[in-house]
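Below is one structure, written out as structure tokens, with a few remarks after it.
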Amino acid sequence: MTLPRLLFRDANAANPLAAFPFPTPVLWLEVGFGGGEHARAQASAHPEAALIACEVFENGICSMLADLVPLGGEATAALPANLRLWTDDARILLRQLPNASLDRLFLMFPDPWPKARHAKRRFVHPGQLPLLARVLKPGAAWRVASDHPVYQTWVREVMGAQTLFDAPEPVGERPPDWPATRYEAKALREGRSPLYWTFTRRG
Ligand SMILES: C[S@@+](CC[C@H](N)C(=O)[O-])C[C@H]1O[C@@H](n2cnc3c(N)ncnc32)[C@H](O)[C@@H]1O
């Protein structure tokens with residue numbers, strides 16, 4: 001009963017800000033929110049921004065909903081006004097969003113698909129950059145984090161070979177205002193070293 005109250009629907013894609021019950025010009029999108037820690041923390045820290053959080057993994061969606069509402073409050077508990085959930089492939093939504101509609105895009109610890117033959121499944125991909133560039137406003141930030149050495153090398157290669165984004169070197173420590181995620185905690189526990197990139201859509 002909580003999900004229908006939070007769902008970002010196909011019909012909202014052409015005019016995404018109208019899906020939020022308050023006026024704001026600021027729209028952010030997170031791809032693959034996992035358990036939702038980052039999305040909830042961002043929504044809470046930035047009530048001025050409307051955030052669409054995307055996830056296809058059912059357990060992740062359930063975890064997000066369970067942390068948003070107390071048991072028994074599914075139909076009535078207050079929900080964050082600035083958070084909506086897209087429960088399908090984020091790429092389907094991205095293809096439907098208007099040009100220059102996003103102020104910020106978050107990609108926190110994407111699935112690495114480390115085998116070379118699966119590289120086309122990686123979210124950071126040369127074939128996908130024009131779509132991301134289309135929906136991001138000039139000057140918009142695209143944040144990417146990864147702990148996987150194959151994916152880290154891949155991001156460096158892909159972003160080093162394109163002209164749509166400014167792509168400075170990543171940092172090895174999570175910047176302020178990047179809430180932690182469950183997957184990051186696991187990576188650190190297991191001794192891996194995440195990298196954090198901030199790309200900027202060129203104007
Ligand atoms: C390795 S997990 C990281 C989850 C979370 N960001 C974190 O850091 O804890 C990657 C997540 O991205 C989701 N995902 C992958 N591709 C996606 C897509 N195209 N659209 C929506 N979610 C996606 C997966 O279901 C998975 O839960």
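Atoms within a ligand are numbered from 1 in the order they appear, just like the ligands themselves. Only heavy atoms go into these numbers, but all of them, side chains included; no hydrogens, no water, no symmetry mates.
- Salt-bridge annotation for Asp147 and Arg189: absent, with no side-chain N of the basic residue lying under 4.0 Å from a carboxylate O of the acidic one.
- Checked against ring-ring contact (aromatic ring centres under 6.0 Å, His included), Trp86 has no partners two or more places apart in sequence or in another chain.
- Remark: minimum distance from atom 8 (O) of ligand 1 to any protein heavy atom is reached at Thr181 OG1, 2.7 Å.
- For ligand 1, the polar-atom distance check finds an N/O of Asp89 within less than 3.5 Å of one of the ligand's N/O atoms.
- Ring orientation note: the planes of Tyr196 and Trp178 are nearly perpendicular, at an angle over 60° on the 30°/60° scale.
- In this structure, the protein non-hydrogen atom closest to atom 10 (C) of ligand 1 is Asp111 OD1, 3.4 Å.
- Nearest protein heavy-atom neighbour of atom 25 (O) of ligand 1: Glu55 OE2, 2.4 Å.
- The closest protein non-hydrogen atom to atom 1 (C) of ligand 1 is Phe109 O, 3.1 Å.
- For a threshold of 3.5 Å applied to N or O pairs, the pair formed by Glu30 and ligand 1 contains no separation below that value.
- Nearest protein neighbour of atom 20 (N) of ligand 1, counting heavy atoms only, is Ala90 N, 2.8 Å.
- Glu169 and Arg156 are joined by a salt bridge, as a carboxylate oxygen and a charged side-chain nitrogen come within less than 4.0 angstrom of each other.
- The shortest contact between atom 5 (C) of ligand 1 and any protein heavy atom is with Gly32 O, 3.5 Å.
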Task: Full working for side-chain contact (heavy atoms from CB on, under 4.5 Å) between Leu27 and Phe20 - done: CA-CA 10 Å; Leu27 184 64; Phe20 295 84; 4.1 Å; yes
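- Residues passing the ring-ring contact (aromatic ring centres under 6.0 Å, His included) test with Phe106 are Trp28, His38, sequence neighbours excluded.
- The contact set between ligand 1 and Gly34, taken as ligand atoms under 4.0 Å from a residue heavy atom, comprises 4 (C), 5 (C).
- At distances below 3.5 Å, at least one donor-acceptor pair connects side-chain atoms of Arg202 with backbone N or O atoms of Thr163.
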